[in-house]
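Accompanying notes for the structure given below.
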Amino acid sequence: MARSDYKNKAVDGKVIALTEEEIDECVAKEEAASADYAANGYKDRRLNSYPNLKEQFDLLFHDMTAGKGTKDGEWYKAIQAVKNANAKPE
């Protein structure tokens, strides 16, 4: 949001204009949240992209049965694809 988007607040059912200090605080909080998301948002994106644990264990079982407990296995490839698609910022 732009600084000009912060104008009013509701207090006891009444609309009151924000002070400059309150606007500064709102802007600072938004900037902090944006910085945190830029630095850590990849974690949530990864978490939501990984196969569920049941699927992961099934992939691991089949990889181990086929002697592919290495980077050639399907489990590793699935996890690496998620990590590549949701890279950790440097």
Side-chain angles (χ1 to χ4, degrees):
M1 293 176 73
R3 183 175 177 79
S4 61
D5 292 333
Y6 296 103
K7 297 177 185 176
N8 303 310
K9 65 181 177 180
V11 177
D12 295 327
K14 296 178 183 178
V15 177
I16 300 172
L18 292 172
T19 65
E20 286 299 315
E21 292 80 19
E22 290 172 321
I23 293 171
D24 290 343
E25 184 179 334
C26 290
V27 170
K29 285 181 180 180
E30 184 175 338
E31 288 172 352
S34 293
D36 182 62
Y37 184 78
N40 297 302
Y42 76 95
K43 294 175 186 177
D44 287 333
R45 291 187 299 275
R46 280 185 182 179
L47 182 64
N48 294 323
S49 298
Y50 286 127
N52 70 46
L53 289 178
K54 183 178 176 181
E55 293 174 50
Q56 287 190 45
F57 285 133
D58 191 51
L59 288 171
L60 280 170
F61 175 82
H62 288 290
D63 285 349
M64 299 307 289
T65 301
K68 292 185 176 181
T70 64
K71 291 182 180 181
D72 294 327
E74 296 305 312
W75 176 83
Y76 181 87
K77 291 176 186 176
I79 299 303
Q80 190 61 52
V82 171
K83 289 182 179 281
N84 290 344
N86 302 285
K88 182 178 180 179
E90 297 196 27

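Worth knowing before you read on, the calculation uses all heavy atoms, side chains too, and leaves out hydrogens, waters and symmetry mates. What you see is a predicted model, and the numbers here were worked out from it, not measured in a lab.
- Atom NZ of residue Lys29 and atom CD of residue Glu25 lie 4.0 Å apart, to the nearest 0.5 angstrom.
- Closest approach of Ile23 to Tyr6, counting heavy atoms only: CD1-O, 3.6 Å.
- For Lys83, the salt bridge (charged side-chain N to carboxylate O under 4.0 Å, His left out) criterion is met by no residue, not counting sequence neighbours.
- Of all the heavy atoms in Ser49 and Arg45, the pair that sits closest is OG-O, 2.7 Å.
- Cluster partners of Leu47, using a side-chain heavy-atom cutoff of under 4.5 Å among ILVMFWY residues and allowing indirect links: none.
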Item to check | Intermediate values then yes/no, side chain to side chain contact (heavy atoms under 4.5 Å, CB included), Lys88 and Arg46 | outcome: CA-CA 10 Å; Lys88 182 178 180 179; Arg46 280 185 182 179; 4.2 Å; yes
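- With a 4.5 Å cut-off between side-chain heavy atoms of Ile, Leu, Val, Met, Phe, Trp and Tyr, the cluster of Tyr76 takes in Tyr50, Leu53, Phe57, Leu59, Leu60, Trp75, Ile79, Val82.
- Between the side chain of Asn48 and the backbone N or O of Asp44 there is at least one donor-acceptor pair closer than 3.5 Å.
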Next on the checklist: I'd like to know whether Glu55 forms a side chain to side chain contact (heavy atoms under 4.5 Å, CB included) with Asp58, so could you lay out the CA-CA distance, the side-chain angles of the two residues, the decisive distance to 0.1 Å, and finally the verdict.
Outcome noted: CA-CA 5 Å; Glu55 293 174 50; Asp58 191 51; 5.6 Å; no
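- To the nearest 0.5 Å, atom CG of residue Asn8 and atom CD1 of residue Ile16 are 9.5 Å apart.
- At least one donor-acceptor pair under 3.5 Å links the side chain of Asp63 to the backbone N or O of Glu74.
- The minimum heavy-atom distance linking Ala38 with Pro89 is given by the pair O-CG, 3.5 Å.
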Next on the checklist: I'd like to know whether Arg3 forms a salt bridge (Lys or Arg N to Asp or Glu O under 4.0 Å) with Glu20, so could you lay out the CA-CA distance, the side-chain angles of the two residues, the decisive distance to 0.1 Å, and finally the verdict.
Outcome noted: CA-CA 10 Å; Arg3 183 175 177 79; Glu20 286 299 315; 2.7 Å; yes
